[in-house]
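Reading through the structure tokens given below for one structure.
For this chain, numbers begin at 1 and follow the sequence in order. Since we're looking at a predicted model, the values are computed, not measured. As a basis for the values below, the full set of heavy atoms in this structure was taken, side chains included, without hydrogen atoms, waters or symmetry mates.
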Amino acid sequence: MTSTAITTAPARSNRTKKALVAGALGVALLAGGGGTFASWYENTTIGSGAVSAGHLNWTVGTAAWTDQTGKTIDPATFKMVPGDTVTYKTTVTTDLVGTNLKANLALDNSTLTGTMKDFVTTTTAISKGGTAIANPLTPATNGTYDVVVTITLPYAAANGTDAENTALDLSAIKLSLTQVQ
């Protein structure tokens, strides 16, 4: 009789290898995003409401130009001579809203154009109810202000003829209300 030996080790070895490969593949899939691992996490809200932006608004009233005698002038036809002063008067009503808002009201001298700009001097006066007001303005000081801009061609400009036949474009000047820190 012939005897045959049955070996079971290789079959068990194949099953073990398959199980190990399947296990490794499962771990690889989980680690690669094929699943999720749980971790602890907490959060809470920290706000107690919404923050809103304020604003910087103003309304500029009707303006008038006068000369040093108080006579109303048309800047387009007025001919200045050394010693003359022209004045711009208007009202400005501010509407400033912002907890820490501050703003300066002033003449923007950078907008003066014309060959006379090198010879004139300018001042801006702000008052409220007859009392001079200093910049900066704040929401607590909202209200209507009288604004007076004075432009003078000083006698010093008469030195020689440099200022003769020059021009200053008054239609280009601007008042500004600018936020400051």
Side-chain angles (χ1 to χ4, degrees), residues 42-181:
E42 290 186 39
N43 69 18
T44 186
T45 58
I46 61 170
S48 61
V51 174
S52 300
H55 60 261
L56 183 147
N57 292 326
W58 68 345
T59 305
V60 179
T62 304
W65 283 98
T66 59
D67 67 7
Q68 67 268 15
T69 67
K71 179 182 170 190
T72 300
I73 63 163
D74 177 0
T77 60
F78 186 78
K79 302 290 183 192
M80 288 185 88
V81 297
D84 275 349
T85 298
V86 293
T87 304
Y88 170 88
K89 293 181 182 179
T90 192
T91 59
V92 172
T93 303
T94 61
D95 178 23
L96 307 177
V97 175
T99 303
N100 298 308
L101 182 60
K102 296 176 187 171
N104 283 345
L105 174 61
L107 174 69
D108 183 353
N109 282 329
S110 69
T111 61
L112 287 173
T113 61
T115 52
M116 191 188 301
K117 74 177 180 174
D118 297 330
F119 301 103
V120 298
T121 60
T122 62
T123 60
T124 306
I126 307 166
S127 62
K128 187 175 186 181
T131 302
I133 300 293
N135 282 313
L137 306 178
T138 66
T141 62
N142 272 338
T144 300
Y145 298 92
D146 295 313
V147 178
V148 178
V149 175
T150 305
I151 300 173
T152 303
L153 181 59
Y155 281 108
N159 186 12
T161 58
D162 291 342
E164 287 184 6
N165 298 312
T166 60
L168 181 65
D169 186 1
L170 297 179
S171 67
I173 67 171
K174 295 180 181 178
L175 286 176
S176 65
L177 184 61
T178 308
Q179 180 182 353
V180 293
Q181 291 185 346

Side-chain polar contacts of residues 53-64 - donor-acceptor pairs under 3.5 angstrom, sequence neighbours left out - could you list them?
residue, atom, partner, partner atom, Å
His55, NE2, Asp95, OD1, 3.4
His55, NE2, Asp95, OD2, 3.0

Discussion item. If the condition is ring-ring contact (aromatic ring centres under 6.0 Å, His included), which residues does Tyr88 pass it with, not counting sequence neighbours?
Written reply: Trp65
Item to complete: Sorted by first residue and then second, give each ring pair (Phe, Tyr, Trp, His ring centres under 6.0 Å) pair with at least one member in residues 90-116; sequence neighbours left out.
Response: none
Worksheet, complete the sentence: Rounding to 0.5 Å, atoms CG (Asp67) and CZ (Phe78) come to a distance of 5.0 Å
Tell me which donor-acceptor pairs under 3.5 Å the side chains of residues 122-130 have, and how far apart each pair is, sequence neighbours excluded?
residue, atom, partner, partner atom, Å
Thr122, OG1, Asn109, OD1, 3.1
Thr122, OG1, Asn109, ND2, 3.4
Lys128, NZ, Thr141, O, 3.1
Lys128, NZ, Asn142, O, 3.0

Practice prompt. Please report the shortest heavy-atom distance between Pro75 and Leu170, naming the atom on each side.
Written response: CB-CD1, 3.6 Å
Discussion item. Once rounded to the nearest 0.5 Å, what's the spacing between atom CG of Leu105 and atom CD1 of Ile133?
Written reply: 10.5 Å
Item to complete: For the residue pair Val149 and Thr87, establish whether any side-chain heavy-atom pair is separated by less than 4.5 Å.
Response: no
Fill in: Trace of the side chain to side chain contact (heavy atoms under 4.5 Å, CB included) decision for Val147 with Leu107
CA-CA 10 Å; Val147 178; Leu107 174 69; over 6 Å; no
Worksheet item: Does the pair Ile151 and Thr121 meet the rule for a side chain to side chain contact (heavy atoms under 4.5 Å, CB included), with working shown?
Response: CA-CA 6 Å; Ile151 300 173; Thr121 60; over 6 Å; no
Practice prompt. Could you grab the distance from atom CE of Met116 to atom CG of Leu168, nearest 0.5 Å is fine?
Written response: 6.0 Å
Worksheet item: Distance from Thr66 atom OG1 to Lys71 atom NZ, nearest 0.5 Å?
Response: 11.5 Å
Worksheet item: What pairs of residues pass the side-chain hydrogen bond (donor to acceptor under 3.5 Å, both in side chains) test when at least one of them lies in residues 75-85, not counting sequence neighbours?
Response: Gln68-Asp84, Thr85-Thr152
Item to complete: Please identify each residue that fulfils side chain to side chain donor-acceptor pair (under 3.5 Å) with Thr93, with sequence neighbours left out.
Response: Thr144
Practice prompt. Could you pull out all residues at least two apart from Val180 that satisfy side-chain contact (heavy atoms from CB on, under 4.5 Å)?
Written response: Lys102, Asn104, Pro136
Worksheet item: Quick one: CD on Gln179 to CG on Leu137, what's the gap to the nearest 0.5 Å?
Response: 12.5 Å
Fill in: side-chain contact (heavy atoms from CB on, under 4.5 Å) partners for Thr111, two or more places apart
Asp108, Ile173, Lys174
Item to complete: Could you list all the ring pair (Phe, Tyr, Trp, His ring centres under 6.0 Å) pairs where at least one residue sits in residues 122-143, not counting sequence neighbours?
Response: none
Fill in: Asn100 atom CG, over 12 foreign heavy atoms within 6.0 Å
no
Discussion item. For a 4.5 angstrom cut-off between non-hydrogen side-chain atoms, does Tyr145 reach Thr94?
Written reply: yes
Worksheet, complete the sentence: Correct closest heavy-atom pair for Gly98 and Pro139 would be O-CG, 3.3 Å
